[in-house]
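Report on the following structure.
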Amino acid sequence: MRITFRNQAALLREYVNRFDATSNTIRLEALLHLAEMPLPTGKDLLTFHDSLLFVAAYPSDPTQAKLAEKALERISASIQSKRTTPHLSWINSGLPFTPTVARFTHDQVRWLMAHPHCRTTLERFDDAALELNDVLKLTLPAVERSETTAGLANNDLMDVLKVPVRNRLSFLIDELSRLDPLPFIKDHLFDQIGVYVRALPLHRHFSKAFNRLPGIETYFQKEFLKSFDIRALLDQPVNPPQDLDMDEKQQVVRVIKNTMVLTARETDPTTYMDEDSLRLYHLGRGISVAIYTMIPSRQLPLESYVGYTAFKNGYAVSYGGSWVFGSGANFGINIFETFRNGESAYIMAQLLRVYRQVFSIGYFEVEPYQFGLDNPEGIASGAFWFYYKFGFRPLDKELRTLAHNEAGKIKSRKGYRTGPKTLIKLTGSNIGLTLDQKAPQRVPDITLQVTKMIQRAYNGQRQLAEMMCREKFARDTGMQIPVDPAQIQVWTEMALWKEAMQVNHPRQLSLMVDMIHAKPTNVYTYQELLRSFYILI
């Protein structure tokens, strides 16, 4: 058979995640052949690029790691010099010097506009629920607001306001920035006008290939760990997080945020990251995990949304988060498509290990979307069984029995696969992993009691309930009244919680006061206090 770029790229893709001697030889020969051939255009280059990323994250030896690195550098240089003609399919591919076109939140776009490695411009308005007139009449100087009453289209309105085309995105960002004190209203309005932006890289660092953690010692893959003692791993203490100086921390933050933009994704912890909360753990086998939470104005009531990015040899391979409340946590995982044939199970185990060890989690829970609810990919992949092997079980008794029976069929009947109808049925409840305890109290349990209390004691008047509960909390604890807005918000949450759940134990009340001060600034201290609170119940 004649050796062509396409068939060698196909060989590389086929053997990219096999590590026996024969596969290593085939992969090496393919890399050597591909290094001598002209680069293609279109989807063939994308396929090659994704295979190279996998090799770079899971290299079998130094030679293959160097070949993958040189090939990625070659692709970058070719596109930058335009020796390789850009193709429409490269948009949102993460290839070096190719654009990402997507919708992001106001804060994410503002961050992108200050990015040293890309230029971000307004692409278009699309899927809009509001016209720009509806938003600018809330933000423009009073003397200009009459311009929003003429019913002009978005770009025509900016023409009338004398906004140059090159400045239109910065104009929109500046106008909506007036609503920074009302972040959720700002987010809603910005989303409703349907702004799509184009982020064009100015440096190869703004690409999937070169956006990676610095200074990582390469781990060379000899095999995939498919069978391991999950509980023993979860119980294994983690080493202290890496001691990062200011420059190193900023590099890690940028890699995390770049990762989301380059895949046209967003999560609240990445966009609204509290950089002081960032911790980076190195866990062996080339795996690193960064965890982080959000700035005070974006935090959730009572619980802590702690996001993560998982890395393999410095490349971001997974993202998601955990909603931590005392010793219990909801958990969500997303493996980037490029890396889904890697050590996904072991990486998930390491993520659970980090959360368990850092926050003393004794119970994890996963919502049905993760394994198939309104998620056809989750059904097609049988994701439910991925979690089942970890020990997750349906919370619903009937579904737990159904899963047990299906697991028996899989074990006893060769080639048996659970059908889509059954997998969809299994999405009828959350699934839980019990380690040290059964499901602890959850935030929705408290919320329900707060709602009942407000209706019962205050006739549904929520502002009155907040004011009266705050005053009662202050009297009962003797606390000093906070002036910081973030602390006032937590004070309100604690006061409603106290009243709804009839918390009167002096030590618990003292812990609640400490939580008011800790929650906005230190997720680790806050969660430790919360665990101490529940020990007293």
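Just so you know, these numbers come straight off a predicted model, no measurement behind them.
Inter-residue side-chain proximity for Leu300 and Trp323 is flagged as met; some heavy-atom pair is nearer than 4.5 Å. Using a 4.5 Å cut-off on side-chain heavy atoms (C-beta onward), Leu182 and Lys186 make no contact. Ser89 has its side chain within reach of Leu46: a pair of non-hydrogen atoms, C-beta onward, lies under 4.5 Å apart. When side chains are defined from C-beta on, Ser510 does not count as touching Thr477, because their heavy atoms never get closer than 4.5 Å.
Note that CD1 of Ile488 is 11.5 Å distant from CD of Glu466, once rounded to the nearest 0.5 Å. Put simply, CZ on Phe54 and OG1 on Thr338 are 10.0 Å apart, with the number rounded to the nearest 0.5 Å. For the atom pair Met512 CE and Leu530 CG, the distance stands at 9.0 Å (nearest 0.5 Å). Remark: Met113 CE to Asp174 CG distance equals 7.5 Å, nearest 0.5 Å. Note that CG of Asn92 and OG1 of Thr98 are 8.5 Å apart. Values are rounded to the nearest 0.5 Å. Residue Leu433 holds its CG atom at 12.0 Å from OH of Tyr387, rounded to the nearest 0.5 Å.
With ring centers used as reference points, Tyr388 lies 6.0 Å or more from Phe392. Taking the six-membered ring wherever Trp is involved, the centroid distance between the rings of Phe19 and Phe224 falls below 6.0 Å. Aromatic ring centroids of Trp90 and Phe97 lie 6.0 Å or more apart. Aromatic pair Phe125/Tyr196: centroids not less than 6.0 angstrom apart. Checked against the 6.0 Å centroid threshold, Phe325 and Tyr534 count as a close aromatic pair. Checked against the 6.0 Å centroid threshold, Phe210 and Phe206 do not count as a close aromatic pair.
Look at Lys226 and Glu343 and you find no salt bridge, because none of the NZ, NE, NH1 or NH2 atoms lies under 4.0 Å from a carboxylate O. Salt bridge Asp484/Lys519: absent, no basic N to carboxylate O contact under 4.0 Å. Using a 4.0 Å cut-off between charged side-chain N and carboxylate O, Lys208 and Asp50 make no salt bridge. Ion pairing of Glu69 with Arg212 is present here, as a side-chain N (NZ or NE/NH1/NH2) and a carboxylate O approach within less than 4.0 Å. Using a 4.0 Å cut-off between charged nitrogen and carboxylate oxygen, Asp243 and Lys249 do not count as a salt-bridge pair.
Remark: side-chain polar atoms of Arg265 are paired, donor with acceptor, to backbone N or O of Thr263 under 3.5 angstrom. Remark: the backbone N or O of Leu302 is paired with a side-chain donor or acceptor of Glu493 at under 3.5 angstrom. Judged by distance alone, with hydrogens and angles left aside, the side-chain atoms of Arg178 form a donor-acceptor pair with the main-chain N or O of Thr139 at under 3.5 Å. The backbone N or O of Leu262 lies less than 3.5 Å from no partner atom in the side chain of Thr100, so there is not a single donor-acceptor pair.
Judged by distance alone, the side chains of Gln221 and Ser60 never bring a donor and an acceptor atom under 3.5 Å apart. Looking at Thr270 and Tyr292, their side chains never bring a donor and an acceptor atom within 3.5 Å of each other. Residues Asn211 and Thr259 bring a donor and an acceptor atom of their side chains to less than 3.5 Å of each other. In this model, a donor atom of one side chain and an acceptor atom of the other lie less than 3.5 Å apart for Glu365 and Asn430.
Because its NZ or CZ atom is not both nearer than 6.0 Å to the ring centre of Tyr281 and within 45° of the ring axis, Arg353 does not count as a cation-pi partner of that residue. Annotation: cation-pi pair Arg285/Tyr219 absent, no NZ/CZ under 6.0 Å from the ring centroid and within 45° of its normal. Taking the ring axis of Phe184 as reference, the NZ or CZ atom of Arg298 stays within 45° of it and closer than 6.0 Å to the ring centre.
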Test Met273 against Ile295 for side chain to side chain contact (heavy atoms under 4.5 Å, CB included), laying out the working first. CA-CA 6 Å; Met273 186 189 298; Ile295 57 176; over 6 Å; no
Give the intermediate values and the outcome of side-chain hydrogen bond (donor to acceptor under 3.5 Å, both in side chains) for residues His205 and Asn258. CA-CA 9 Å; His205 284 167; Asn258 283 354; over 6 Å; no
Start with the C-alpha distance between Phe336 and Tyr319, add both sets of side-chain angles, then the distance that settles ring-ring contact (aromatic ring centres under 6.0 Å, His included), and finish with yes or no. CA-CA 8 Å; Phe336 290 117; Tyr319 74 98; 5.2 Å; yes
Between Ser304 and Gln299, is a side-chain hydrogen bond (donor to acceptor under 3.5 Å, both in side chains) present by the stated rule, with each step listed? CA-CA 7 Å; Ser304 301; Gln299 290 176 6; over 6 Å; no
Test side-chain hydrogen bond (donor to acceptor under 3.5 Å, both in side chains) on Glu528 and Tyr524 and set out the steps. CA-CA 6 Å; Glu528 185 178 351; Tyr524 307 101; over 6 Å; no
Derivation and outcome, side chain to side chain contact (heavy atoms under 4.5 Å, CB included), residues Arg531 and Ser360: CA-CA 9 Å; Arg531 291 192 298 275; Ser360 300; 3.6 Å; yes
With side chain to side chain contact (heavy atoms under 4.5 Å, CB included) as the test, would you mind laying out the steps for Leu233 and Gln236 before giving the verdict? CA-CA 5 Å; Leu233 180 61; Gln236 183 180 338; 3.8 Å; yes
Run the side-chain hydrogen bond (donor to acceptor under 3.5 Å, both in side chains) test on Thr120 and Arg198 for me, step by step, so that the C-alpha distance in whole Å, both residues' side-chain angles and the decisive distance to 0.1 Å come before the verdict. CA-CA 5 Å; Thr120 304; Arg198 173 178 290 253; over 6 Å; no
Does the pair Phe533 and Trp497 meet the rule for a ring-ring contact (aromatic ring centres under 6.0 Å, His included), with working shown? CA-CA 13 Å; Phe533 175 93; Trp497 180 10; 4.9 Å; yes
Before giving the answer on side chain to side chain contact (heavy atoms under 4.5 Å, CB included), spell out for Leu213 and Leu280 the whole-Å C-alpha distance, their side-chain angles and the decisive distance to 0.1 Å. CA-CA 10 Å; Leu213 295 180; Leu280 179 64; 4.2 Å; yes
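Looking at every heavy atom in both residues, Pro440 comes nearest to Gly328 through CG-CA, 3.7 Å. The nearest pair of heavy atoms linking Arg231 to Leu435 is NH1-O, 3.4 Å.
Applying the 6.0 Å contact sphere to CD of Glu223 captures more than 12 heavy atoms from other residues, nucleotides or ligands. Within 6.0 Å of OH in Tyr369 there are 12 or fewer heavy atoms belonging to other residues, nucleotides or ligands.
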